[in-house]
A.B. asks: 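This is the structure I have questions about; it appears just below.
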2 protein chains.
Amino acid sequence: MTPNACQSCAIRHKALCRELLPEELVHLNSIARKRTIHAGQQIASPVDTLVSYANIISGVVKLSKVLPDGRAQIVGLQFVSDFLGRPFKKKCTYFAQAATEVELCTFSKNGFEKMILKYPGMKHRLLDHTLDELDAAQEWMLLLGRKTAREKLASFLCMVGKRGVNQSCSATTTLNFTRFDLPLTRADIADFLGLTTETVSRQISKFKTEGLIRLEGSRTIVVPNMRMLETATTDA
Amino acid sequence: MTPNACQSCAIRHKALCRELLPEELVHLNSIARKRTIHAGQQIASPVDTLVSYANIISGVVKLSKVLPDGRAQIVGLQFVSDFLGRPFKKKCTYFAQAATEVELCTFSKNGFEKMILKYPGMKHRLLDHTLDELDAAQEWMLLLGRKTAREKLASFLCMVGKRGVNQSCSATTTLNFTRFDLPLTRADIADFLGLTTETVSRQISKFKTEGLIRLEGSRTIVVPNMRMLETATTDA
DNA sequence: CGTCGCGTTGATCACGGTCAATATAGGTGG
DNA sequence: CCACCTATATTGACCGTGATCAACGCGACG
């Protein structure tokens with residue numbers, strides 16, 4: 001990449017690189033390479049060998065596991081500034097696929113691993129990040145195991161509302177009013193929540209008739225009062 | 001603890017301390033303290049402040065999350081030699097409770113954090129361990145979101161069979177024949193699998209009549225052919 | 001011997017899945 | 001620019017898995 005490109009990067013102050021020292025940033029810059037991935041395209045899978053790590057500059061990446069008979073479960077959604085890759089492993093255990101158009105900042109596997117070993121701060125941030133992911137995974141286990149379809153949908157909309165805002169230029173939020181785009185199809189949402197597309201569709205329609213949300217097209221959600229939606233994330 | 005107690009520790013070669021240098025082991029020994037916890041007793045919760053980390057010397061610890069109305073989900077099971085604690089956080093996000101009688105090797109929070117910062121190897125192993133936990137959590141998300149009750153039970157029995165053997169003295173395994181004790185009540189198993197106790201009980205009975213397993217008392221499971229049980233973990 | 005916690009079994013119900021038809025939107029070529 | 005086509009989304013009718021409610025068995029312990 002061009003010298004010091006990292007300096008002006010859009011996610012310079014959010015991603016792993018957030019607290020890098022100038023020296024480290026120069027090093028990182030030297031192994032970084034931008035790459036664009038189209039929606040639906042696969043980024044990694046359990047069958048192929050990992051050759052690079054990446055930060056997400058824009059877009060959303062879904063990580064999913066699949067049963068032999070085709071049943072699928074999304075086990076992670078990665079947003080802007082999130083990190084992709086499992087440090088020091090040659091294989092990953094899931095499929096990584098672009099849910100939307102995605103811009104990645106990739107690092108060669110070897111180069112990045114050398115950096116991790118050289119700068120303790122990097123390893124520390126990687127640990128922090130992994131622990132955050134574990135927290136998120138555990139929260140999702142609670143959702144998958146114990147929440148009703150209605151609660152699952154409300155939780156999902158709240159999550160995307162919170163994470164999607166501040167990132168998507170199309171998202172707006174004032175007080176409790178929020179507008180944002182869904183980065184997933186109904187089928188993807190179903191695979192994320194452990195439901196079917198039909199149930200997802202029905203619950204969205206129900207929220208609509210109840211006035212909890214409005215739709216603009218099928219992908220843009222308007223939430224007049226986020227508090228109300230949060231109420232629906234637990235209990236009836 | 002007595003000088004060099006770590007040297008003769010039962011989990012010396014399995015836990016985080018596995019690859020510690022002699023110097024590091026002495027340091028660790030100086031901040032370690034053994035503690036016994038009775039079945040059912042609480043070890044940590046989201047409301048109280050964390051004051052120590054721990055390795056499990058014996059027994060099983062369950063980590064669970066609870067919804068306001070009481071619905072609970074176990075988000076992690078920790079076995080012999082597993083690590084407890086969320087590095088550098090003052091709070092944890094779940095309840096940690098002894099599922100059986102548990103022996104812990106605890107480390108003061110401050111002392112252990114200093115060690116993490118001092119020895120890069122510790123941090124590395126902590127990262128590895130956290131990544132393994134993340135993998136396990138994702139595997140469980142697939143189970144919770146997409147597997148049937150039958151598949152959930154089979155998966156659970158296989159997991160306990162694999163992890164419980166080699167640790168519990170009462171567990172035996174020759175070829176495909178395996179005998180082991182369940183460390184959880186039916187209610188705990190239900191909370192782990194996102195089911196009810198009744199469904200857990202019914203599925204166990206079904207496996208029994210099918211000859212997939214035998215029961216000795218209600219806690220000891222005999223699996224004549226582990227392969228057969230593994231078949232039941234996916235597909236009908 | 002009675003109580004309490006845990007486990008099993010049965011009868012019924014309802015949430016969400018399945019199968020099927022229809023609607024809508026986005027994209028392509030005439 | 002519109003007609004057409006395919007993806008994606010919605011809606012309806014029906015069904016089945018697992019939840020719920022309830023009774024009972026069993027063993028540990030005072």
Side-chain angles (χ1 to χ4, degrees), chain A residues 38-41 62 67 69-73 99-101 143-157 181-210 213-221 232 235-236, chain B residues 38-40 67 69-73 99-101 143-157 181-210 213-221 232 235-236:
Chain A
H38 296 297
Q41 207 177 321
K62 55 180 178 165
L67 254 17
D69 65 356
R71 282 173 290 174
Q73 174 68 46
T100 64
E101 172 110 347
L143 174 143
L144 291 171
R146 290 309 188 192
K147 289 194 179 179
T148 64
R150 179 188 173 83
E151 292 167 338
K152 285 179 177 181
L153 239 300
S155 301
F156 172 74
L157 292 176
D181 287 349
L182 294 177
L184 301 181
T185 66
R186 299 292 188 268
D188 282 339
I189 297 173
D191 281 345
F192 195 27
L193 300 177
L195 298 170
T196 59
T197 60
E198 293 93 330
T199 301
V200 169
S201 204
R202 272 187 257 271
Q203 291 298 335
I204 289 181
S205 299
K206 201 133 161 276
F207 283 155
K208 207 167 54 179
T209 63
E210 289 175 15
I213 63 171
R214 290 201 326 267
L215 284 190
E216 298 179 355
S218 64
R219 290 297 195 91
T220 302
I221 304 281
D235 168 53
Chain B
H38 296 298
L67 254 18
D69 66 354
R71 282 173 289 173
Q73 175 67 47
T100 64
E101 171 111 347
L143 174 142
L144 290 171
R146 292 307 188 193
K147 289 193 179 179
T148 63
R150 179 187 172 84
E151 291 167 338
K152 285 178 176 182
L153 240 300
S155 302
F156 172 74
L157 293 176
D181 287 349
L182 295 177
L184 301 182
T185 64
R186 300 292 188 266
D188 283 338
I189 298 173
D191 281 345
F192 195 27
L193 300 176
L195 298 170
T196 58
T197 59
E198 292 93 332
T199 301
V200 169
S201 201
R202 272 187 257 270
Q203 290 299 335
I204 289 181
S205 299
K206 200 133 163 275
F207 283 155
K208 207 168 51 176
T209 64
E210 289 175 15
I213 64 173
R214 287 200 328 266
L215 284 191
E216 298 179 353
S218 65
R219 290 294 195 95
T220 301
I221 304 281
D235 169 52

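Letters go in sequence order (proteins before strands), and every chain restarts at 1.
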A.B. asks: Need two values: the first and the last nucleotide of DNA chain C, 5' to 3', having an atom under 4.0 Å from any heavy-atom of chain A.
C.D. replies: C:dG16 to C:dC19
A.B. asks: Could you please name the partner base of C:dT24, counting Watson-Crick and G-U wobble pairs only when both distances are under 3.5 Å?
C.D. replies: none
A.B. asks: Does A:Arg71 reach the main-chain N or O of B:Arg146 with its side chain, forming a donor-acceptor pair under 3.5 Å?
C.D. replies: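 Confirmed, A:Arg71 side chain pairs with B:Arg146 backbone.
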A.B. asks: Can you check each nucleotide of nucleotides 11-29 of chain D against protein heavy atoms at under 4.0 Å and return B for base, S for sugar-phosphate only, - for none, in 5' to 3' order?
C.D. replies: BBB----SSBB--------
A.B. asks: Please report the C-alpha distance between A:Ile221 and A:Leu215 in whole Å, then the side-chain angles of each, then the deciding distance to 0.1 Å, and finally whether the side-chain contact (heavy atoms from CB on, under 4.5 Å) criterion is met.
C.D. replies: CA-CA 5 Å; A:Ile221 304 281; A:Leu215 284 190; 3.3 Å; yes
A.B. asks: Could you tell me which non-hydrogen atom of A:Ser218 sits nearest to which non-hydrogen atom of A:Arg186, and how far apart they are?
C.D. replies: O-NH2, 2.8 Å
A.B. asks: Just by distance, do the side chain of B:Glu101 and the backbone of B:His38 share a donor-acceptor pair under 3.5 Å?
C.D. replies: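 A pair under 3.5 Å: no.
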A.B. asks: Looking at C:dT8, which nucleotide sits across from it as a Watson-Crick or G-U wobble partner, both distances under 3.5 angstrom, or is there none?
C.D. replies: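 Matched C:dT8 with D:dA23 under the 3.5 Å cut-off.
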A.B. asks: Under 4.0 Å between any heavy atoms, over every strand shown, what does B:Ile189 touch: base, sugar-phosphate, or nothing? Just pick one.
C.D. replies: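 No contact.
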A.B. asks: Within a strict 4.5 Å, meaning less than it, do heavy atoms of the B:Thr199 and B:Leu193 side chains meet?
C.D. replies: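 No. Closest side-chain heavy atoms not under 4.5 Å.
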A.B. asks: Would A:Phe207 and A:Arg150 count as a side-chain contact (heavy atoms from CB on, under 4.5 Å) if you check the C-alpha gap in whole Å, the side-chain angles of each, and the deciding distance to 0.1 Å?
C.D. replies: CA-CA 9 Å; A:Phe207 283 155; A:Arg150 179 188 173 83; 3.7 Å; yes
A.B. asks: If you look at every heavy atom in A:Ala99 and A:Leu184, which pair is closest and at what distance?
C.D. replies: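 Looks like CB-CD2, 3.6 Å.
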A.B. asks: Heavy-atom distance under 4.5 Å between the side chains of B:Phe156 and B:Leu182, does that happen here?
C.D. replies: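 Contact flag for B:Phe156/B:Leu182 side chains = yes.
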A.B. asks: Hey, is D:dA19 sitting syn or anti, using the within-90° cutoff around 0?
C.D. replies: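 You should classify D:dA19 as anti.
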